[in-house]
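All remarks here apply to the structure that follows.
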Amino acid sequence: MKVDRLIGILSVLLQKEKVTAPYLAAKFEVSRRTINRDIEALCRAGIPVVTVQGKSGGISIMDGYAFDRTLLTSSELQAVLAGLSSLDSVSGTDRYGQLMKKLAPGDSGMLTGDQYLLIDLSSWYKESLAPKIEVIHRAIEQRQQLQFYYYSPQGDRKRRIEPYYLIFQWASWYVWGWCTGKQDYRLFKLNRMTEPEPAGETFDRRQAPLPDLSFGRLFPAQLAVKALFEPDCRWRLIEEFGAGSFTKRPDGKLLFSFAFSDPENVISWILSFGGKAELLEPVEIREKLRRIAGRLNEKYMGDG
(Lines give C-alpha, C1' and ligand atoms only; values in the text may rest on other atoms or scores of the structure.)
Protein backbone atom coordinates (compact mmCIF):
# COMPACT_ATOMS: atom_id res chain seq x y z
CA MET A 1 0.00 0.00 0.00
CA LYS A 2 1.19 3.53 -0.77
CA VAL A 3 0.78 4.83 2.80
CA ASP A 4 2.94 2.00 4.15
CA ARG A 5 5.61 2.80 1.58
CA LEU A 6 5.55 6.53 2.35
CA ILE A 7 6.03 5.80 6.06
CA GLY A 8 8.86 3.45 5.19
CA ILE A 9 10.59 6.02 2.96
CA LEU A 10 10.27 8.68 5.66
CA SER A 11 11.73 6.26 8.20
CA VAL A 12 14.76 5.64 5.97
CA LEU A 13 15.29 9.36 5.35
CA LEU A 14 15.14 10.11 9.07
CA GLN A 15 17.73 7.42 9.81
CA LYS A 16 20.16 8.08 6.95
CA GLU A 17 21.82 11.31 5.83
CA LYS A 18 21.29 10.59 2.16
CA VAL A 19 20.01 7.74 -0.04
CA THR A 20 19.58 7.20 -3.76
CA ALA A 21 16.41 6.56 -5.72
CA PRO A 22 17.68 3.13 -6.90
CA TYR A 23 18.31 2.19 -3.25
CA LEU A 24 14.72 3.08 -2.28
CA ALA A 25 13.31 1.40 -5.37
CA ALA A 26 15.12 -1.85 -4.54
CA LYS A 27 14.22 -1.68 -0.84
CA PHE A 28 10.50 -1.18 -1.48
CA GLU A 29 10.36 -3.29 -4.67
CA VAL A 30 8.92 -0.58 -6.90
CA SER A 31 10.15 1.43 -9.90
CA ARG A 32 12.24 4.61 -9.68
CA ARG A 33 9.30 6.49 -11.19
CA THR A 34 7.12 5.34 -8.27
CA ILE A 35 9.78 6.50 -5.80
CA ASN A 36 9.87 9.91 -7.50
CA ARG A 37 6.10 10.21 -7.13
CA ASP A 38 6.37 9.18 -3.46
CA ILE A 39 9.00 11.88 -2.84
CA GLU A 40 6.68 14.45 -4.40
CA ALA A 41 3.86 13.23 -2.13
CA LEU A 42 6.09 13.68 0.95
CA CYS A 43 6.93 17.22 -0.17
CA ARG A 44 3.23 18.03 -0.59
CA ALA A 45 2.67 16.73 2.92
CA GLY A 46 5.11 19.34 4.26
CA ILE A 47 8.27 17.23 4.60
CA PRO A 48 11.16 19.20 3.00
CA VAL A 49 12.77 16.41 0.96
CA VAL A 50 15.67 17.53 -1.21
CA THR A 51 16.88 15.72 -4.34
CA VAL A 52 20.38 16.47 -5.61
CA GLN A 53 21.51 15.22 -9.03
CA GLY A 54 25.02 14.06 -9.88
CA LYS A 55 27.65 11.62 -8.68
CA SER A 56 27.48 12.62 -5.00
CA GLY A 57 23.78 13.45 -5.10
CA GLY A 58 20.85 11.69 -3.56
CA ILE A 59 17.66 12.18 -1.59
CA SER A 60 17.65 13.66 1.91
CA ILE A 61 15.68 15.78 4.33
CA MET A 62 16.66 19.46 4.23
CA ASP A 63 19.46 20.40 6.65
CA GLY A 64 18.26 22.34 9.66
CA TYR A 65 14.73 21.03 9.46
CA ALA A 66 13.51 20.78 13.08
CA PHE A 67 12.44 17.18 13.25
CA ASP A 68 13.46 14.26 15.44
CA ARG A 69 15.53 12.14 13.11
CA THR A 70 14.93 9.02 15.17
CA LEU A 71 11.48 7.87 14.13
CA LEU A 72 11.58 4.77 16.34
CA THR A 73 13.95 3.77 19.10
CA SER A 74 15.34 0.25 19.41
CA SER A 75 12.78 -0.71 22.08
CA GLU A 76 9.96 0.78 20.02
CA LEU A 77 11.06 -1.21 16.98
CA GLN A 78 11.08 -4.34 19.13
CA ALA A 79 7.50 -3.67 20.21
CA VAL A 80 6.40 -3.14 16.60
CA LEU A 81 8.22 -6.31 15.54
CA ALA A 82 6.51 -8.35 18.26
CA GLY A 83 3.12 -7.12 17.08
CA LEU A 84 3.85 -7.80 13.42
CA SER A 85 5.27 -11.24 14.21
CA SER A 86 2.10 -12.11 16.09
CA LEU A 87 0.13 -11.52 12.88
CA ASP A 88 2.54 -13.80 11.01
CA SER A 89 1.81 -16.50 13.60
CA VAL A 90 -1.83 -16.43 12.47
CA SER A 91 -1.29 -16.36 8.71
CA GLY A 92 1.69 -18.72 8.67
CA THR A 93 3.60 -16.32 6.43
CA ASP A 94 6.48 -13.87 6.87
CA ARG A 95 4.57 -10.99 5.29
CA TYR A 96 4.62 -8.68 8.31
CA GLY A 97 8.18 -9.57 9.19
CA GLN A 98 9.22 -8.49 5.70
CA LEU A 99 7.32 -5.23 6.18
CA MET A 100 9.25 -4.62 9.39
CA LYS A 101 12.54 -5.10 7.58
CA LYS A 102 11.49 -2.48 5.05
CA LEU A 103 10.63 0.00 7.80
CA ALA A 104 13.85 -0.63 9.72
CA PRO A 105 16.95 1.41 8.92
CA GLY A 106 19.71 -0.42 7.07
CA ASP A 107 20.91 -3.84 8.23
CA SER A 108 19.72 -3.55 11.82
CA GLY A 109 20.49 -6.34 14.27
CA MET A 110 17.70 -5.14 16.54
CA LEU A 111 15.21 -7.08 14.41
CA THR A 112 16.67 -10.46 15.27
CA GLY A 113 19.24 -10.38 18.05
CA ASP A 114 17.48 -8.58 20.89
CA GLN A 115 13.90 -9.76 20.66
CA TYR A 116 12.50 -10.75 24.04
CA LEU A 117 8.74 -10.34 23.59
CA LEU A 118 7.15 -13.21 21.65
CA ILE A 119 3.43 -13.29 20.85
CA ASP A 120 1.85 -16.29 19.14
CA LEU A 121 -1.83 -15.86 18.21
CA SER A 122 -2.15 -19.19 16.41
CA SER A 123 -4.56 -21.81 17.74
CA TRP A 124 -5.60 -25.44 17.37
CA TYR A 125 -7.69 -24.23 14.42
CA LYS A 126 -4.81 -22.55 12.60
CA GLU A 127 -5.19 -24.54 9.38
CA SER A 128 -8.85 -23.54 8.99
CA LEU A 129 -8.54 -20.13 10.66
CA ALA A 130 -5.76 -18.60 8.55
CA PRO A 131 -7.66 -18.92 5.21
CA LYS A 132 -10.76 -17.34 6.80
CA ILE A 133 -8.72 -14.39 8.04
CA GLU A 134 -7.19 -13.92 4.58
CA VAL A 135 -10.62 -13.93 2.88
CA ILE A 136 -12.10 -11.50 5.42
CA HIS A 137 -9.05 -9.21 5.33
CA ARG A 138 -9.24 -9.02 1.55
CA ALA A 139 -12.99 -8.33 1.66
CA ILE A 140 -12.46 -5.46 4.12
CA GLU A 141 -9.71 -3.91 1.96
CA GLN A 142 -11.73 -4.25 -1.27
CA ARG A 143 -15.04 -3.24 0.37
CA GLN A 144 -16.74 -6.44 -0.72
CA GLN A 145 -19.76 -7.91 0.98
CA LEU A 146 -18.98 -11.24 2.65
CA GLN A 147 -21.23 -14.28 2.88
CA PHE A 148 -20.81 -17.39 5.02
CA TYR A 149 -22.65 -20.07 6.97
CA TYR A 150 -22.90 -19.33 10.68
CA TYR A 151 -23.65 -21.80 13.49
CA SER A 152 -25.01 -20.50 16.81
CA PRO A 153 -27.42 -21.55 19.59
CA GLN A 154 -30.15 -19.70 17.65
CA GLY A 155 -29.69 -22.00 14.65
CA ASP A 156 -27.66 -22.42 11.46
CA ARG A 157 -28.08 -19.97 8.63
CA LYS A 158 -26.34 -18.19 5.79
CA ARG A 159 -25.32 -14.63 6.63
CA ARG A 160 -24.19 -11.68 4.56
CA ILE A 161 -22.31 -8.70 6.00
CA GLU A 162 -20.33 -5.62 5.17
CA PRO A 163 -17.09 -6.47 7.06
CA TYR A 164 -15.32 -3.65 8.92
CA TYR A 165 -12.98 -5.05 11.59
CA LEU A 166 -11.07 -8.27 12.24
CA ILE A 167 -10.68 -8.59 16.01
CA PHE A 168 -8.72 -10.89 18.33
CA GLN A 169 -10.27 -10.81 21.80
CA TRP A 170 -10.73 -13.26 24.70
CA ALA A 171 -8.55 -15.87 22.92
CA SER A 172 -10.78 -15.94 19.81
CA TRP A 173 -11.05 -14.22 16.42
CA TYR A 174 -14.15 -12.25 15.39
CA VAL A 175 -15.35 -10.16 12.46
CA TRP A 176 -17.47 -7.07 13.12
CA GLY A 177 -19.73 -5.87 10.35
CA TRP A 178 -23.10 -4.62 9.17
CA CYS A 179 -25.48 -7.58 8.78
CA THR A 180 -27.69 -7.06 5.73
CA GLY A 181 -30.34 -9.41 7.13
CA LYS A 182 -30.61 -7.89 10.62
CA GLN A 183 -29.89 -4.35 9.36
CA ASP A 184 -27.58 -3.77 12.28
CA TYR A 185 -23.98 -4.32 13.37
CA ARG A 186 -23.16 -7.84 14.51
CA LEU A 187 -20.14 -9.71 15.88
CA PHE A 188 -19.35 -13.13 14.39
CA LYS A 189 -16.92 -15.67 15.81
CA LEU A 190 -14.69 -17.13 13.10
CA ASN A 191 -14.69 -20.63 14.62
CA ARG A 192 -18.46 -20.79 14.12
CA MET A 193 -18.16 -19.73 10.49
CA THR A 194 -17.72 -21.90 7.39
CA GLU A 195 -17.28 -21.17 3.69
CA PRO A 196 -16.63 -17.40 3.89
CA GLU A 197 -16.45 -15.88 0.43
CA PRO A 198 -17.11 -12.58 -1.38
CA ALA A 199 -20.81 -12.13 -2.08
CA GLY A 200 -20.16 -10.43 -5.42
CA GLU A 201 -21.24 -6.93 -4.32
CA THR A 202 -19.21 -3.98 -3.11
CA PHE A 203 -20.36 -1.48 -0.48
CA ASP A 204 -19.76 2.12 0.55
CA ARG A 205 -18.12 2.27 3.95
CA ARG A 206 -20.30 3.42 6.82
CA GLN A 207 -19.04 5.27 9.88
CA ALA A 208 -18.90 1.96 11.68
CA PRO A 209 -18.62 2.17 15.48
CA LEU A 210 -16.15 -0.04 17.28
CA PRO A 211 -17.81 -2.97 19.06
CA ASP A 212 -17.99 -3.08 22.84
CA LEU A 213 -15.87 -6.14 23.64
CA SER A 214 -15.61 -5.60 27.37
CA PHE A 215 -15.91 -8.81 29.39
CA GLY A 216 -19.08 -7.59 31.09
CA ARG A 217 -20.70 -6.80 27.73
CA LEU A 218 -19.93 -10.15 26.10
CA PHE A 219 -20.34 -12.24 29.23
CA PRO A 220 -22.85 -10.47 31.51
CA ALA A 221 -22.66 -11.80 35.06
CA GLN A 222 -26.18 -13.07 35.78
CA LEU A 223 -25.68 -16.18 37.92
CA ALA A 224 -23.98 -16.19 41.32
CA VAL A 225 -22.31 -19.60 41.48
CA LYS A 226 -20.94 -21.39 44.55
CA ALA A 227 -19.18 -24.74 44.32
CA LEU A 228 -16.92 -26.98 46.38
CA PHE A 229 -13.72 -28.40 44.89
CA GLU A 230 -11.13 -30.96 45.90
CA PRO A 231 -7.75 -29.43 46.88
CA ASP A 232 -5.96 -30.68 43.74
CA CYS A 233 -8.24 -28.45 41.60
CA ARG A 234 -6.53 -25.34 42.95
CA TRP A 235 -4.28 -24.84 39.91
CA ARG A 236 -7.21 -24.79 37.50
CA LEU A 237 -9.29 -22.36 39.57
CA ILE A 238 -6.30 -20.01 39.76
CA GLU A 239 -5.60 -20.31 36.02
CA GLU A 240 -9.19 -19.72 34.94
CA PHE A 241 -10.54 -17.32 37.59
CA GLY A 242 -7.67 -16.12 39.76
CA ALA A 243 -6.51 -16.84 43.29
CA GLY A 244 -9.24 -14.63 44.78
CA SER A 245 -12.07 -16.78 43.40
CA PHE A 246 -12.01 -19.30 46.26
CA THR A 247 -11.26 -19.75 49.95
CA LYS A 248 -9.72 -22.79 51.64
CA ARG A 249 -11.90 -24.54 54.22
CA PRO A 250 -10.53 -26.25 57.36
CA ASP A 251 -11.06 -29.66 55.69
CA GLY A 252 -8.83 -28.57 52.78
CA LYS A 253 -11.61 -28.24 50.21
CA LEU A 254 -11.95 -25.06 48.16
CA LEU A 255 -15.12 -22.96 48.32
CA PHE A 256 -15.47 -21.22 44.97
CA SER A 257 -17.61 -18.12 44.25
CA PHE A 258 -18.00 -16.42 40.88
CA ALA A 259 -20.63 -14.92 38.59
CA PHE A 260 -21.43 -16.68 35.29
CA SER A 261 -23.40 -15.49 32.29
CA ASP A 262 -24.94 -18.75 31.08
CA PRO A 263 -26.33 -21.76 33.01
CA GLU A 264 -25.17 -24.15 30.28
CA ASN A 265 -21.61 -22.92 30.76
CA VAL A 266 -21.89 -23.60 34.49
CA ILE A 267 -23.09 -27.16 33.88
CA SER A 268 -20.43 -28.06 31.30
CA TRP A 269 -17.71 -26.47 33.45
CA ILE A 270 -18.67 -28.33 36.62
CA LEU A 271 -18.94 -31.63 34.71
CA SER A 272 -15.44 -31.11 33.30
CA PHE A 273 -14.06 -31.69 36.82
CA GLY A 274 -15.61 -35.15 37.06
CA GLY A 275 -16.31 -36.07 40.66
CA LYS A 276 -13.98 -33.41 42.08
CA ALA A 277 -16.56 -30.60 42.04
CA GLU A 278 -19.92 -30.15 43.73
CA LEU A 279 -22.21 -27.29 42.71
CA LEU A 280 -23.92 -25.71 45.73
CA GLU A 281 -25.73 -22.76 44.15
CA PRO A 282 -27.89 -21.90 42.25
CA VAL A 283 -30.22 -24.64 43.47
CA GLU A 284 -32.07 -24.93 40.14
CA ILE A 285 -28.82 -25.64 38.24
CA ARG A 286 -27.79 -28.11 40.96
CA GLU A 287 -31.09 -29.91 40.30
CA LYS A 288 -30.33 -29.96 36.55
CA LEU A 289 -26.96 -31.52 37.28
CA ARG A 290 -28.63 -34.15 39.44
CA ARG A 291 -30.93 -35.12 36.55
CA ILE A 292 -27.98 -35.22 34.11
CA ALA A 293 -26.08 -37.45 36.55
CA GLY A 294 -29.10 -39.77 36.70
CA ARG A 295 -29.27 -40.05 32.91
CA LEU A 296 -25.52 -40.71 32.73
CA ASN A 297 -25.88 -43.41 35.37
CA GLU A 298 -28.66 -45.09 33.39
CA LYS A 299 -26.63 -44.91 30.18
CA TYR A 300 -23.47 -46.44 31.62
CA MET A 301 -24.66 -48.63 34.47
CA GLY A 302 -24.92 -51.72 32.27
CA ASP A 303 -21.29 -51.52 31.07
CA GLY A 304 -18.62 -53.86 32.40
Side-chain angles (χ1 to χ4, degrees), residues 1-8 28-30 79-100 102-103 119-220 261-262 265:
M1 293 177 62
K2 182 177 180 179
V3 173
D4 293 335
R5 193 171 61 249
L6 290 176
I7 294 173
F28 294 96
E29 300 175 359
V30 295
V80 173
L81 176 61
L84 293 176
S85 297
S86 71
L87 296 177
D88 279 334
S89 72
V90 176
S91 64
T93 68
D94 191 33
R95 175 191 311 165
Y96 297 99
Q98 292 299 318
L99 171 61
M100 188 64 209
K102 289 180 180 180
L103 295 178
I119 304 172
D120 191 336
L121 300 181
S122 59
S123 71
W124 294 108
Y125 310 98
K126 183 175 181 178
E127 289 189 3
S128 62
L129 191 60
K132 292 178 188 178
I133 290 175
E134 286 295 307
V135 170
I136 296 170
H137 186 217
R138 190 160 51 248
I140 293 173
E141 284 190 329
Q142 298 175 359
R143 300 183 182 182
Q144 291 184 328
Q145 287 190 3
L146 189 73
Q147 61 186 15
F148 49 86
Y149 288 96
Y150 198 68
Y151 303 84
S152 71
Q154 289 72 41
D156 312 336
R157 65 187 67 179
K158 195 168 188 177
R159 309 294 289 267
R160 179 184 288 220
I161 66 169
E162 299 172 1
Y164 286 98
Y165 298 105
L166 261 171
I167 302 165
F168 181 80
Q169 184 84 3
W170 307 117
S172 295
W173 282 92
Y174 302 85
V175 59
W176 171 257
W178 174 266
C179 180
T180 60
K182 297 294 185 181
Q183 288 292 291
D184 199 1
Y185 293 99
R186 290 289 189 273
L187 190 68
F188 299 93
K189 195 172 187 176
L190 267 59
N191 279 346
R192 296 182 180 177
M193 175 192 300
T194 62
E195 302 178 43
E197 60 181 2
E201 293 185 35
T202 59
F203 62 91
D204 295 325
R205 284 189 65 87
R206 306 169 189 264
Q207 292 297 320
L210 288 171
D212 181 2
L213 296 180
S214 61
F215 190 87
R217 171 68 176 83
L218 292 183
F219 310 103
S261 60
D262 183 357
N265 287 341

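All of these numbers come straight from a predicted model, not from anything done at the bench.
- For residues 187-207, the ring pair (Phe, Tyr, Trp, His ring centres under 6.0 Å) pairs, not counting sequence neighbours, are Phe148-Phe188, Tyr150-Phe188, Tyr164-Phe203.
- Taking the salt bridge (Lys or Arg N to Asp or Glu O under 4.0 Å) definition, one finds that Glu197 meets it with nothing, sequence neighbours left out.
- Summarising the geometry of Tyr185 relative to Ala208, their closest heavy-atom pair is OH-CA, 3.6 Å, with the distance given to 0.1 Å.
- Contacts classified as salt bridge (charged side-chain N to carboxylate O under 4.0 Å, His left out) and involving residues 160-173 (residues at least two apart or in different chains) are given here: Arg160-Glu201, Glu162-Arg206.
- Applying the salt bridge (Lys or Arg N to Asp or Glu O under 4.0 Å) rule to Arg192 yields no partners; only residues at least two apart in sequence or on another chain are considered.
- In this structure, the separation between CD1 on Ile167 and CH2 on Trp173 is 9.5 Å, given to the nearest 0.5 Å.
- Of all non-hydrogen atoms in Pro198 and Gln147, the two that sit nearest each other are O-NE2, 4.1 Å.
- Residues that satisfy the side-chain hydrogen bond (donor to acceptor under 3.5 Å, both in side chains) test with Arg186, not counting sequence neighbours, are Asp184.
- The side-chain heavy atoms of Arg159 and Met193, taken from C-beta on, include no pair separated by under 4.5 Å.
- Summarising the geometry, atom CD belonging to Glu134 is positioned 10.5 Å from atom CG belonging to Leu129; distances are rounded to the nearest 0.5 Å.
- Remark: side-chain polar atoms of Lys132 are paired, donor with acceptor, to backbone N or O of Leu190 under 3.5 angstrom.
- For Tyr151, the side-chain contact (heavy atoms from CB on, under 4.5 Å) partners two or more places apart in sequence, or in a different chain, are Tyr149, Asp156, Thr194.
- Nearest heavy atom pair, residue Pro209 against residue Tyr165, reads O-CE1, 4.1 Å.
- Residues satisfying the side-chain hydrogen bond (donor to acceptor under 3.5 Å, both in side chains) test with Thr202, not counting sequence neighbours, are none.
- Rounded to the nearest 0.5 Å, atoms CD1 (Ile140) and CZ (Arg205) are 8.0 Å apart.
- Looking at Gln142, its side chain never comes within 3.5 Å of a backbone N or O of Ala139 through a donor-acceptor pair.
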